[in-house]
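Data block below; observations after.
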Amino acid sequence: MKKSLSVTVLLDSATLPKDYDTSQEYKDEQSTEFHIIKTLKELGHTVSIIGIFDDVEPIIQNLKENRPDLVFNLTEQFRNIRWLDKNIAGLLELLDIPFTGAGAQGLFLSRDKAACKQILGTRKIGVPKFYILHLGKTVKVSKKAPYPLVVKPLMEDASDGISNSSIVKNMGELKARAEWVHDNWKQPAIAEEYIEGRELYVSIIGNKRLKVLPIRELYFGDTDNNGPVMATSRVKWNKKYRTKWNIKFDFSVLDKPVASRVARVCKKAYRLLYIQDYGRIDLRLTAKGKIYILEANSNPDLHHFDEVAKAAKKAGISYPELITRIINLALARYRTSH
Ligand SMILES: Nc1ncnc2c1ncn2[C@@H]1O[C@H](COP(=O)(O)OP(=O)(O)O)[C@@H](O)[C@H]1O
Ligand SMILES: [Mg+2]
């Protein structure tokens, strides 16, 4: 029998409409939040919404008073700072309320593009060589650095701060781009060895047992004509730009042994990085068949048009089923830890 739960959806207030009224349904029909709230209601759950921006006290008070059965955690930042996302999960851990997705540990490890590589690299998982370029320090890397390098903000996502000029070919370009990251993103930069290869997205759901969903791929059509070779911010968010350069997101076609190897490596990374309930690993597969993990995503976007939902659908898991699975995984995880 279907059980009705009281679910509190925690979301970033920055994503709330200005005239937002909590008694009304969340209105931006394009948003992930809208779809999740709508789906939770259709599934028969009682839904309340809390927006978070820069004040934790009302959240603590609300959750203590109302004690929902579960928090659906859609927050990705605090005070516009993305790497504080772990602290919101940390707060929920302190309040001892079950919530969906990764805890503070998992959010930290997948947020920090160097920390995750440090861990994976020591466990025989392929990762690009990298250098951390700290704020306020002279930008310098070894003379033997394997150019070209990709320079990115250390702790962002959604391809923010990543454009075609993130690829640098020498020390001068590296310095300029790292300083650009420091000035614009107020955080360290990471410079990674550029890995040439097919770009794959591997969505996984589960905790004790992991299910790897059908693998997706970003196809770059025009690399011979100096077209983009990375999922830059424009590639990710601008459909016209993708059409212009013949770039598309689709399902990957891989030989079975390769697909199994990719799945195995991604499952290992998922566990090593404390991802919970659902996650997505982004990687490159070289012409020689070597796998390099570029990054791991705890709590990846659950928009019904984004990678996880599309992969789930292909596996026969509808959007409401996906949401239900995530809820059940979160609750089961909480039960076994208490
Ligand atoms: N070391 C690298 N080698 C090749 N491409 C890279 C590398 N790092 C990043 N990219 C490209 O940039 C995209 C975004 O980088 P990523 O680290 O995943 O940032 P985000 O967290 O914003 O998604 C990747 O999907 C890939 O296309
Ligand atoms: Mg990525």
Side-chain angles (χ1 to χ4, degrees), residues 32 101-102 106 109-110 113 116-117 120 123-128 150 157-159 162 192 194-221 223 228-232 235-237 242 246-319 321-323 325-326 329:
T32 305
L109 288 175
S110 49
K113 291 183 198 296
C116 64
K117 291 186 181 77
L120 299 178
R123 302 301 294 268
K124 294 193 181 139
I125 293 181
V127 288
V150 184
D157 58 46
S159 294
I162 301 177
E192 294 178 6
Y194 173 77
I195 306 295
E196 191 172 328
R198 292 169 67 178
E199 174 143 336
L200 308 181
Y201 302 127
V202 184
S203 298
I204 297 178
I205 47 179
N207 291 319
K208 276 190 202 138
R209 280 181 41 231
L210 302 183
K211 182 175 176 62
V212 176
L213 300 174
I215 298 171
R216 304 262 306 161
E217 179 162 354
L218 179 57
Y219 292 93
F220 295 98
T223 46
V229 292
M230 300 200 301
T232 60
V235 166
K236 185 148 170 67
W237 302 110
R242 285 201 298 274
N246 194 17
I247 294 171
K248 64 176 202 277
F249 292 94
D250 206 338
F251 286 95
S252 188
V253 181
L254 295 168
D255 290 342
K256 238 183 163 180
V258 178
S260 318
R261 198 155 49 84
V262 168
R264 209 170 340 110
V265 171
C266 290
K267 283 200 272 191
K268 191 171 166 189
Y270 187 100
R271 292 196 195 282
L272 282 169
L273 300 174
Y274 297 90
I275 298 178
Q276 289 178 165
D277 306 339
Y278 64 108
R280 197 193 74 231
I281 313 285
D282 300 349
L283 61 94
R284 286 211 161 183
L285 176 67
T286 68
K288 285 189 174 155
K290 187 158 182 207
I291 296 164
Y292 287 89
I293 291 190
L294 295 185
E295 65 149 0
N297 300 282
S298 285
N299 301 8
D301 197 343
L302 287 175
H303 195 286
H304 63 311
F305 286 147
D306 215 309
E307 297 305 320
V308 179
K310 281 195 167 159
K313 193 171 173 203
K314 178 97 169 171
I317 304 168
S318 68
Y319 196 68
E321 277 168 1
L322 174 65
I323 301 302
R325 280 201 194 203
I326 291 172
L329 283 162

Contacts of type side-chain contact (heavy atoms from CB on, under 4.5 Å), residue Lys313, not counting sequence neighbours: none
Sidechain-backbone polar pair: Thr286 side chain, Gly197 backbone, donor-acceptor under 3.5 Å: no
Worked verdict on Glu192 versus Lys113 for salt bridge (charged side-chain N to carboxylate O under 4.0 Å, His left out): CA-CA 10 Å; Glu192 294 178 6; Lys113 291 183 198 296; over 6 Å; no
Sequence neighbours excluded - salt bridge (Lys or Arg N to Asp or Glu O under 4.0 Å) pairs with any residue from residues 260-273: none
Given side chains that start at C-beta, do those of [X] and [Y] come closer than 4.5 Å, heavy atoms only?
X: Tyr219; Y: Phe249; result: no
X: Leu218; Y: Phe220; result: yes
X: Ser298; Y: Ile275; result: yes
X: Ile291; Y: Ile125; result: no
X: Pro228; Y: Val235; result: yes
X: Lys211; Y: Ile204; result: no

Counterpart residues, side-chain hydrogen bond (donor to acceptor under 3.5 Å, both in side chains), relative to Arg284 (two or more places apart): Tyr194, Glu199
Cation-pi, Tyr201 ring and Arg280 (6.0 angstrom, 45 degrees): yes
Greater than 12 external heavy atoms within 6.0 Å of Tyr274's OH: no
